[in-house]
Amino acid sequence: MISLIFNQIIKSSATTSIIKSHIQEMEKLVSSWCKNKPLPESYIFPPETRPGNLVVPTCNTVPVIDLNKAEGQNRTHIVQQILKAGQEYGFFQVVNHGVPENLMNESMDVFKEFFEMPWEDKAMLYSEDPKNSCRLSTSSVNYAREKIHHWRDNLRHPCHPLQDCIKHWPQKPVRYREVVATYTIEAKKLGLRILELVSEGLGLESRYFGDKLSESEILSINHYPPCPDPSLTLGVAKHCDPNLLTLLHQGDVSGLQVFNNGEWIGVEPLHNAFVVNIGNQLQIISNNKLKSVEHRVVTNSRVARTSAGFFIGPSEDSIIEPEKSLVDDAPFYRAFEFKDFLLHYFPNLEDNEVVMGHFKSQA
């Protein structure tokens, strides 16, 4: 009996120690220390990469596509709109997309609620190990090695297969798992619908991007607290997404910027819209007929911004290569396993030329 009690005490003590350790780690979260504090030097970007005081115009030219029209006689026109946007911008917004407005609102509410919870309710989720499937972290995946940190906190977890992944999702807020499960199911449906339209535009079978090419589903929720000097730092530095297609729910606070024709342009938050962007794998498979474009996130000094990116991508063992029917003379890229792409991507994620150059065809 004494032995049993002693073991329970040891176990309780060990658990307490782990929790304390996680709470200490959580002090790295921007949201845990930033209030009424000046911008630390470790968050100040070099002059050539910081946003500065330049007023970046909110862009009304990133195409806005009404998916409701894709079901009727205008389908061909909508397909061509998507293809044109993917060629010229790598980005577009979709409205009338079929994801219920109340679900989008409730999901954003629960995302914000998560980041507003007390430390102790989130402590066990904090990790700097990218192998942890569900993890709360800060800055970027390279936090321990990077010289300059990003002004953001992040919650990231896989969504497929749902019945397995959901067990590792946050238990608080109590409605998180129910609401977010419904949201990710609807987001995946929308993503596959857009990929089907892309397939039609490229002259491929409608289900070309089904199965293994779109097997991976990851939800990445970014939280950007108000920043004391937005001119000196970034929420996320310039990068392209490594996956196939991303759906971004950016709420009603601006911050996303896209690099187009040699300048940064702001992407205006539209009510009940998703921002869609082409990932590196879609550029490769289309043999550069679609392009993945660099983008970044700027901060502001007034209000917090929360956004949710739903990343659709291949399984790690998928073989990625340009589709032969889209190759005119020679493929721009060689064949590779997607897991090899990721291994090269993360150490170089802020230099897309280096990332893509590694996989270019030598022919």
Side-chain angles (χ1 to χ4, degrees), residues 59-108 159-160 162 179-217 219 241 243-252 256 258 267-279 281-283 285-286 289-293 307-314 323 325-326:
C59 177
N60 294 319
T61 55
V62 169
V64 179
I65 298 172
D66 185 350
L67 285 187
N68 198 38
K69 296 178 180 178
E71 300 309 313
Q73 58 185 5
N74 292 318
R75 184 178 181 90
T76 301
H77 177 64
I78 296 300
V79 166
Q80 291 307 312
Q81 275 191 315
I82 290 175
L83 215 62
K84 190 171 187 288
Q87 291 165 344
E88 296 181 1
Y89 294 92
F91 272 79
F92 53 94
Q93 299 202 61
V94 291
V95 295
N96 295 323
H97 42 65
V99 179
E101 182 176 352
N102 64 334
L103 177 60
M104 292 188 70
N105 292 338
E106 192 173 11
S107 299
M108 184 55 71
C159 306
H160 178 81
L162 183 58
V179 171
V180 176
T182 305
Y183 174 80
T184 59
I185 289 170
E186 292 300 316
K188 180 61 181 289
K189 286 180 186 175
L190 174 59
L192 290 178
R193 184 181 173 200
I194 292 170
L195 285 169
E196 185 175 305
L197 295 168
V198 168
S199 298
E200 288 185 31
L202 293 173
L204 306 174
E205 294 180 7
S206 62
R207 288 285 300 160
Y208 182 90
F209 293 106
D211 301 325
K212 292 187 73 172
L213 284 178
S214 57
E215 184 176 288
S216 173
E217 303 168 25
L219 184 65
D241 291 352
N243 52 305
L244 195 67
L245 193 78
T246 303
L247 304 179
L248 178 71
H249 179 6
Q250 67 167 343
D252 55 4
L256 174 64
V258 174
V267 180
E268 180 184 4
L270 297 181
H271 177 68
N272 199 38
F274 279 100
V275 179
V276 182
N277 71 287
I278 306 297
Q281 305 316 302
L282 195 45
Q283 175 172 333
I285 293 170
S286 72
K289 288 182 170 53
L290 301 173
K291 65 178 182 177
S292 183
V293 171
S307 66
F310 186 74
F311 296 84
I312 299 174
E323 161 56 36
S325 65
L326 301 177

Quick one: pull up [atom1] in [X] and [atom2] in [Y] and give me the separation to the nearest 0.5 Å.
| X | Y | atom1 | atom2 | answer |
| --- | --- | --- | --- | --- |
| E88 | L83 | CD | CG | 10.0 Å |
| K188 | L162 | NZ | CG | 11.0 Å |
| I78 | Q80 | CD1 | CD | 10.5 Å |
| N105 | D252 | CG | CG | 9.5 Å |
| E101 | N272 | CD | CG | 4.5 Å |
| L244 | F311 | CG | CZ | 12.5 Å |

Answer yes or no: is there an ion pair linking E186 with K189, defined by an N-O contact shorter than 4.0 Å?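 Salt bridge between E186 and K189, a charged N being under 4.0 Å from a carboxylate O: yes.
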Salt-bridge contact R75-E200 (side-chain N to carboxylate O under 4.0 Å):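 Salt bridge between R75 and E200, a charged N being under 4.0 Å from a carboxylate O: yes.
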Show the nearest heavy-atom pair for residues [X] and [Y], with the distance to one decimal.
| X | Y | value |
| --- | --- | --- |
| A187 | L247 | O-CD1, 3.3 Å |
| M104 | V99 | CG-CG1, 3.7 Å |
| L326 | S286 | CD1-CA, 3.7 Å |
| V275 | L256 | CG1-CD2, 4.0 Å |
| I285 | L213 | CD1-CD2, 4.1 Å |
| P314 | S216 | O-CB, 3.5 Å |

[Y] backbone acceptor or donor facing [X] side chain under 3.5 Å:
| X | Y | answer |
| --- | --- | --- |
| H249 | M108 | no |
| Q93 | A273 | no |
| N243 | I312 | yes |
| R193 | H97 | yes |
| K291 | G86 | no |

Measuring only between side-chain heavy atoms, which start at C-beta, is [X] closer than 4.5 Å to [Y]?
| X | Y | value |
| --- | --- | --- |
| Y89 | I278 | no |
| R207 | S199 | no |
| V276 | T246 | no |
| V267 | L248 | no |
| V95 | I65 | no |

Can you see whether S214 engages D211 through a side-chain donor-acceptor pair at a distance of less than 3.5 angstrom?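 No, because no side-chain N or O of S214 sits under 3.5 Å from a partner of the opposite role on D211.
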Would E323 and Y208 count as having a side-chain donor-acceptor pair, cut-off 3.5 Å? yes
Please walk me through it: do F92 and V64 pass side-chain contact (heavy atoms from CB on, under 4.5 Å)? CA-CA 6 Å; F92 53 94; V64 179; over 6 Å; no
Whether F274 and Y183 hold their rings parallel, tilted or perpendicular, with breakpoints at 30° and 60°: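 Taking Y183 first and then F274, their aromatic rings sit tilted (interplane angle of 30° to 60°).
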Name the residue from L282, I82, L245 that meets the side-chain contact (heavy atoms from CB on, under 4.5 Å) definition with L290.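 That would be L282.
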Run the side-chain contact (heavy atoms from CB on, under 4.5 Å) check on D66 and N74 step by step: do they pass? CA-CA 10 Å; D66 185 350; N74 292 318; over 6 Å; no
Please evaluate residues L204 and S325 with respect to the criterion side-chain contact (heavy atoms from CB on, under 4.5 Å), reporting the C-alpha separation (whole Å), side-chain torsions for both, the decisive distance (0.1 Å), and the verdict. CA-CA 8 Å; L204 306 174; S325 65; 3.6 Å; yes
Using side-chain contact (heavy atoms from CB on, under 4.5 Å), reason through F310 and L190 one step at a time and then give a plain yes or no. CA-CA 11 Å; F310 186 74; L190 174 59; over 6 Å; no
